[in-house]
Amino acid sequence: MRTLQDSLAGAPTMPLKTGKAHGERRAGPLIFLIVLWLSLAVAVIFLLTLIVNLLLEGGSRFGMPLFTEYPSSSPDRAGARPAILGSIWVIATTALLTIPLGVAAALHLEEFADKKHWFNRIIELNVQNLAAVPSIVYGLLALAFLALIGVRDKNIVIGGALALSLLILPVIIIATREAIRAVPSEIRDGSLALGATKWQTTWRQVLPASVPGIATGSILALSRALGEAAPLLLLGALVFVSFDPNGLLSGFTTLPIQIFNWTGRPQEGFHELAAAASILLLGLLLLMNGLAIFIRNRYQKRW
């Protein structure tokens with residue numbers, strides 16, 4: 001027995017192959033990883049090509065006249081001032097309509113609603129499905145609603161904001177619910193144990209802790225609304241506006257619609273203006289996405 005133990009003790013030990021290391025060396029995961037990186041490289045190359053093409057075509061027209069001049073029949077005198085102001089009006093109204101409603105709905109579904117009740121389960125299922133509905137469908141819904149209440153001129157700021165609000169409301173609800181779920185249950189239990197009510201716990205503890213996630217999701221949803229044109233065109237949004245929008249009942253146009261109009265013109269100057277407006281729209285989208293990433297990294301808590 002002693003000799004057997006000595007021989008076993010002196011025998012060289014072989015490293016054990018873990019399942020993870022063995023799985024990483026198989027052909028399937030390696031092929032999937034290569035295809036994934038190739039897909040990412042193709043997407044980045046196309047994006048860089050688009051940006052470079054826009055800069056080369058519209059860089060010469062990107063200046064103050066683009067921000068200060070009104071649309072014109074001559075590309076040398078045309079600008080996108082009404083479209084820029086119209087985008088601001090529509091997105092600001094959309095934010096005021098959607099963010100409070102979306103946050104309130106998410107709070108109710110996540111903190112107060114009975115998740116086992118059939119009615120609440122149907123609502124949750126519909127919210128998840130509505131997030132994937134094409135944007136033009138929401139334009140049809142807004143058009144039908146405005147016609148139902150007797151609005152004749154549907155090309156108004158509040159009408160466009162209504163269509164975009166229907167578009168991004170499911171996204172904000174889903175993002176808010178995910179932010180609320182990220183708050184540890186110990187915070188709720190501690191607040192309730194100290195005598196706070198369910199509403200006080202939600203208002204003073206859960207909601208402030210989830211604000212960074214809510215802000216990030218809301219900004220990303222608004223950036224999607226900023227680039228939409230199909231629902232607004234369905235409402236009869238104007239493609240040639242020579243005035244500044246001045247209220248919720250004012251006519252309007254937006255940057256995507258103005259770009260759509262200029263790209264359909266035969267003159268090369270209008271194509272250059274469309275490229276310059278596309279640079280502006282792309283810059284705004286990158287700025288909003290960068291702000292969302294900054295808020296998430298700067299203020300989000302790690303529990």
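In this chain, residues are counted from 1 in sequence order.
I168 approaches A221 most closely through the heavy-atom pair CG2-O, 3.4 Å. The minimum heavy-atom distance between M288 and S223, with the atom names listed, is CE-N, 3.5 Å. Taking both residues in full, the closest heavy atoms of L109 and I123 are given as CD2-CG2, 4.0 Å, listed atom of the first, atom of the second, then distance. Nearest approach of D114 to N120, heavy atoms of both residues: O-ND2, 2.8 Å. Among all heavy-atom pairs drawn from G159 and A142, the shortest one is O-CB, 4.5 Å. Nearest approach of P170 to L130, heavy atoms of both residues: CG-CB, 3.7 Å.
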Report task. Mind running side chain to side chain contact (heavy atoms under 4.5 Å, CB included) on T201 and K198 for me, showing each step along the way? Result -> CA-CA 5 Å; T201 299; K198 181 69 173 178; 5.6 Å; no
Query raised in the report: Are L248 and I156 close enough, and set up right, to give a side chain to side chain contact (heavy atoms under 4.5 Å, CB included), and what steps lead you there?
Result: CA-CA 7 Å; L248 297 180; I156 52 179; over 6 Å; no
Query - CA sep, side-chain torsions, deciding dist, call: L97, I158, side chain to side chain contact (heavy atoms under 4.5 Å, CB included) - result: CA-CA 10 Å; L97 290 176; I158 189 64; 4.0 Å; yes
Query raised in the report: What's the verdict on side chain to side chain contact (heavy atoms under 4.5 Å, CB included) for T98 and L164, showing C-alpha distance, side-chain angles and the deciding distance?
Result: CA-CA 9 Å; T98 314; L164 296 180; over 6 Å; no
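Here ring pair (Phe, Tyr, Trp, His ring centres under 6.0 Å) pairs that include residues 165-209, with residues two or more places apart or in two chains, are W199-W203.
Of the inter-residue distances, the one linking S210 atom OG with I187 atom CD1 reads 10.0 Å to the nearest 0.5 angstrom. To the nearest 0.5 Å, atom CG of residue L255 and atom CD1 of residue I84 are 5.5 Å apart. For the atom pair CG of L282 and CG of L287, the computed distance is 11.0 Å after rounding to the nearest 0.5 Å. If you take CG on N289 and CG on L220, they are separated by 5.5 Å, rounding to the nearest 0.5 Å. For the atom pair CG of L232 and OG1 of T253, the computed distance is 8.5 Å after rounding to the nearest 0.5 Å. Separating the CG atom in L162 from the CG atom in L141 is a distance of 9.0 Å, to the nearest 0.5 Å.
Applying side chain to side chain contact (heavy atoms under 4.5 Å, CB included) to I279 and the options L66, I51, L284, L54 leaves one that passes, L54.
Judged by distance alone, with hydrogens and angles left aside, the side-chain atoms of R188 form a donor-acceptor pair with the main-chain N or O of V183 at under 3.5 Å. Between the side chain of H271 and the main chain of R265, a donor-acceptor pair closer than 3.5 Å is present. In this structure, the side chain of W89 does not engage the main chain of V157 through any donor-acceptor pair within 3.5 Å. Although no hydrogens or angles enter the test, the distance criterion places a donor-acceptor pair under 3.5 Å between the side chain of N126 and the main chain of I122.
A92 meets the side-chain contact (heavy atoms from CB on, under 4.5 Å) test with no other residue; sequence neighbours excluded. In this view, Q128 satisfies the side-chain contact (heavy atoms from CB on, under 4.5 Å) rule with no residue, not counting sequence neighbours. Listed by chain and number, the residues in a side-chain contact (heavy atoms from CB on, under 4.5 Å) with L291 are I219, I295 (sequence neighbours excluded). Applying the ring-ring contact (aromatic ring centres under 6.0 Å, His included) test to F260 and every residue at least two apart in sequence or in another chain returns nothing. Residues meeting the ring-ring contact (aromatic ring centres under 6.0 Å, His included) test with F67, sequence neighbours left out: F62.
L167 has its side chain within reach of R224: a pair of non-hydrogen atoms, C-beta onward, lies under 4.5 Å apart. In this structure, I91 and T254 have side chains that are not in contact, with every pair of non-hydrogen atoms separated by 4.5 Å or more. Residues W262 and P75 are not in side-chain contact: their nearest non-hydrogen atoms beyond the backbone lie 4.5 Å or more apart.
Within a 6.0 Å radius of OH in Y70, other residues, nucleotides and ligands contribute more than 12 heavy atoms. Counting non-hydrogen atoms of other residues, nucleotides and ligands closer than 6.0 Å to NZ of K116 gives a total of 12 or fewer.
The aromatic rings of H108 and F112 lie parallel to each other, with less than 30° between the two planes, well short of the 60° mark.
Note on V151 and L235: same hydrophobic cluster, where clusters join Ile, Leu, Val, Met, Phe, Trp and Tyr whose side-chain heavy atoms are under 4.5 Å apart, directly or indirectly. Residues I257 and L280 share a hydrophobic cluster, clusters being chains of Ile/Leu/Val/Met/Phe/Trp/Tyr side chains in contact below 4.5 Å. If you chain together hydrophobic residues whose side chains sit under 4.5 Å apart, Y138 and L146 fall into the same group. Hydrophobic cluster membership is shared by V44 and W37, with clusters built from Ile, Leu, Val, Met, Phe, Trp and Tyr side chains linked at under 4.5 angstrom. Hydrophobic clustering keeps V171 apart from L222 (ILVMFWY residues linked when any side-chain heavy atoms are closer than 4.5 Å, directly or through intermediates).
Of the charged side-chain nitrogens involved, none lies within less than 4.0 Å of a carboxylate oxygen, so that E124 and R121 do not count as a salt-bridged pair.
There is no side-chain donor-acceptor pair under 3.5 Å between S191 and Q205.
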